[in-house]
**Q** 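This is the structure I want to talk about, given as structure tokens.
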2 protein chains.
Amino acid sequence: MIKQELIFRDYLRAKGLKFTPERRMVLEEIFSFSGHFDVEALYDKLRHRVGGLSLATIYRTMPLLIKAGLIKEVMRCQNRPQYERCFGSPHHDHLICIKCGRVFEFREEEIERLQDKVCQRFGFRPIEHRLGIKGYCKNCQIKERNSRNV
Amino acid sequence: MIKQELIFRDYLRAKGLKFTPERRMVLEEIFSFSGHFDVEALYDKLRHRVGGLSLATIYRTMPLLIKAGLIKEVMRCQNRPQYERCFGSPHHDHLICIKCGRVFEFREEEIERLQDKVCQRFGFRPIEHRLGIKGYCKNCQIKERNSRNV
DNA sequence: TTGTAACTGAGAATCAATTGCAAATAGTCA
DNA sequence: TGACTATTTGCAATTGATTCTCAGTTACAA
């Protein structure tokens with residue numbers, strides 16, 4: 001069995017919950033590609049499958065996957081939460097282009113370390129953190145010059 | 001005239017917009033205290049004033065204040081955006097306690113510097129960034145031990 | 001002072017997300 | 001294996017935040 005499925009099943013069993021075909025579909029879809037996604041994108045992909053599933057079910061499945069440690073919310077674009085798998089890929093932060101919407105991932109060990117230092121200073125026990133930098137990507141910087149009227 | 005009002009008036013004039021009593025009320029309220037706030041809190045404080053104002057007006061005023069550089073959205077709590085003044089106080093990041101909701105501010109120059117370095121690496125021109133660390137504050141760490149069933 | 005484009009409040013509309021409910025079902029236990 | 005039961009599901013209704021519409025009001029430039 002695929003590892004993420006095992007993790008999910010274990011999580012559900014431990015909570016007295018069930019591993020249903022719908023939950024499997026959501027899990028499979030998420031792990032069939034890498035990168036970010038939101039609820040709407042998932043629904044678009046899954047609704048037309050044989051025995052598609054409802055939006056409510058996806059909404060109900062997301063927190064389970066998060067608690068199982070398989071996905072996490074990483075940021076918001078146009079006011080919708082974006083998720084990504086956290087199983088298998090190390091933590092990283094994001095550069096988000098305001099213009100084209102592209103997302104670049106990076107990991108800077110030194111920043112991670114400094115964050116821990118800050119937490120220590122406050123006696124704070126960190127659970128998760130999120131760093132997002134918004135701005136203009138390389139490709140968009142030229143076009144952007146003409147429309148700086150915000 | 002108070003500085004923030006001057007800034008707001010200048011911004012509005014430059015855009016061909018008007019400085020109304022309602023906008024002044026919102027601005028004054030925001031600058032009457034420090035710390036974070038959300039739309040609902042503002043509305044609660046302003047609705048009962050003489051000639052109180054509507055929720056719609058507050059919603060319409062927020063983006064103007066943001067574009068004028070007077071406030072910024074800093075994070076979300078229970079799915080509501082939280083704002084803070086950015087005029088007068090330097091940029092900082094946040095530690096957010098999952099348990100009690102308290103917010104601690106910090107500024108770590110080295111993290112700021114490293115972010116710029118990352119941006120350079122990507123040829124990315126940063127406009128704003130947001131770093132939030134969620135976890136348990138000093139005071140909550142003891143209570144939290146008994147309820148780690150998430 | 002006047003003209004006009006911008007503004008306001010109120011309520012309707014929208015949009016994502018949540019919930020109630022009745023029917024279906026996974027998974028346990030006999 | 002089969003029955004039982006708490007959990008799930010889809011659907012539709014609901015919620016809660018935010019935005020929009022519109023008719024009356026107003027700031028402010030000329």
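Just so it is clear, the values below take in all heavy atoms, side chains as well, and ignore hydrogens, waters and symmetry mates. Letters go in sequence order (proteins before strands), and every chain restarts at 1.
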**Q** Contact class for A:Pro81 vs. all strands (heavy atom < 4.0 Å): base, sugar-phosphate, or nothing?
**A**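 Sugar-phosphate contact only.
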
**Q** Polar atom pairs between nucleotides 24-27 of chain D and protein, under 3.5 Å, N or O only, would you list them?
**A**
residue: D:dA27; atom: N3; partner: B:Lys18; partner atom: NZ; Å: 3.1

**Q** Taking atom C1' of C:dC15 as reference, at what distance in whole Å does atom CZ of A:Arg80 sit?
**A** 9 Å

**Q** Starting the side chain at C-beta, find the nucleotide from D:dA12, D:dT18, D:dA17 nearest to A:Ala56.
**A** D:dA12

**Q** Please tell me if A:Arg23 has a side-chain N or O lying less than 4.0 Å from either OP1 or OP2 of D:dT9.
**A** yes

**Q** By the 4.0 Å heavy-atom rule, please label B:Leu53 as base, sugar-phosphate, or nothing.
**A**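 The residue B:Leu53 makes sugar-phosphate contact but no base contact.
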
**Q** Evaluate the ring planes of B:Phe8 and B:Tyr11, with Trp represented by its six-membered ring, and classify them as parallel (under 30°), tilted (30 to 60°) or perpendicular (over 60°).
**A** parallel

**Q** How many Å lie between CG on B:Leu17 and P on C:dT8, as a whole number?
**A**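 My rounded result for the distance is 10 Å.
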
**Q** Quick check for you: to the nearest 0.5 Å, what is the distance between B:Lys3 atom NZ and B:Leu70 atom CG?
**A** 11.0 Å

**Q** Atom CZ of B:Arg9 and atom C1' of D:dC28: how far apart are they, to the nearest Å?
**A** 11 Å

**Q** Can a donor-acceptor pair under 3.5 Å be found between the side-chain atoms of B:Arg60 and the base atoms of D:dT21?
**A** yes

**Q** Counting side-chain heavy atoms from CB outward, which of C:dA17, D:dA17, C:dC7 is closest to B:Tyr59?
**A**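 Nearest listed nucleotide: D:dA17.
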
**Q** Measure the distance from CG on A:Leu64 to P on D:dT7 and round it to the nearest whole Å.
**A** 13 Å

**Q** Distance check, rounded to the nearest 0.5 Å: A:Glu84 atom CD versus A:Ile30 atom CD1?
**A** 11.5 Å

**Q** D:dT7 C1' sits how many Å from A:Tyr11 OH, rounded?
**A**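 From A:Tyr11 OH to D:dT7 C1': 14 Å.
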
**Q** Apply the test side-chain contact (heavy atoms from CB on, under 4.5 Å) to residues A:His91 and A:Glu128: give CA-CA distance (whole Å), side-chain angles for both, the deciding distance (0.1 Å), then the verdict.
**A** CA-CA 10 Å; A:His91 169 77; A:Glu128 62 139 349; over 6 Å; no

**Q** Measure the acute angle between the ring planes of B:His94 and B:His92, then classify it against the limits of 30° and 60° as parallel, tilted or perpendicular.
**A** perpendicular

**Q** Take the protein atom OH of B:Tyr43 and the nucleotide atom P of D:dT18, then report the distance between them rounded to whole Å.
**A**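 About 14 Å, once rounded to whole Å.
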
**Q** Holding to side-chain contact (heavy atoms from CB on, under 4.5 Å), I want the full list of residues that pass it with B:Ile66, two or more places apart in sequence or in another chain.
**A** B:Ile71, B:Tyr83

**Q** Testing A:Arg80, A:Lys45, A:Arg47 one by one against A:Glu40 for a salt bridge (charged side-chain N to carboxylate O under 4.0 Å, His left out), which residue passes?
**A**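 Filter result, single survivor: A:Arg80.
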
**Q** Using atom CZ of B:Arg76 as one end and atom C1' of C:dA17 as the other, report the distance to the nearest whole Å.
**A**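 Rounding to the nearest Å, CZ of B:Arg76 and C1' of C:dA17 are 13 Å apart.
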
**Q** Which of the following nucleotides, C:dA16, C:dT8, C:dT28, is nearest to the side chain of A:Arg13?
**A** C:dT28

**Q** Given that B:Leu55 and A:Ser54 both sit by DNA chain D, which one's nearest nucleotide is further toward the 5' end?
**A** A:Ser54

**Q** Round to a whole Å and report the spacing from CD of A:Glu22 to P of C:dA23.
**A**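 Atom CD in A:Glu22 sits about 18 Å away from atom P in C:dA23.
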
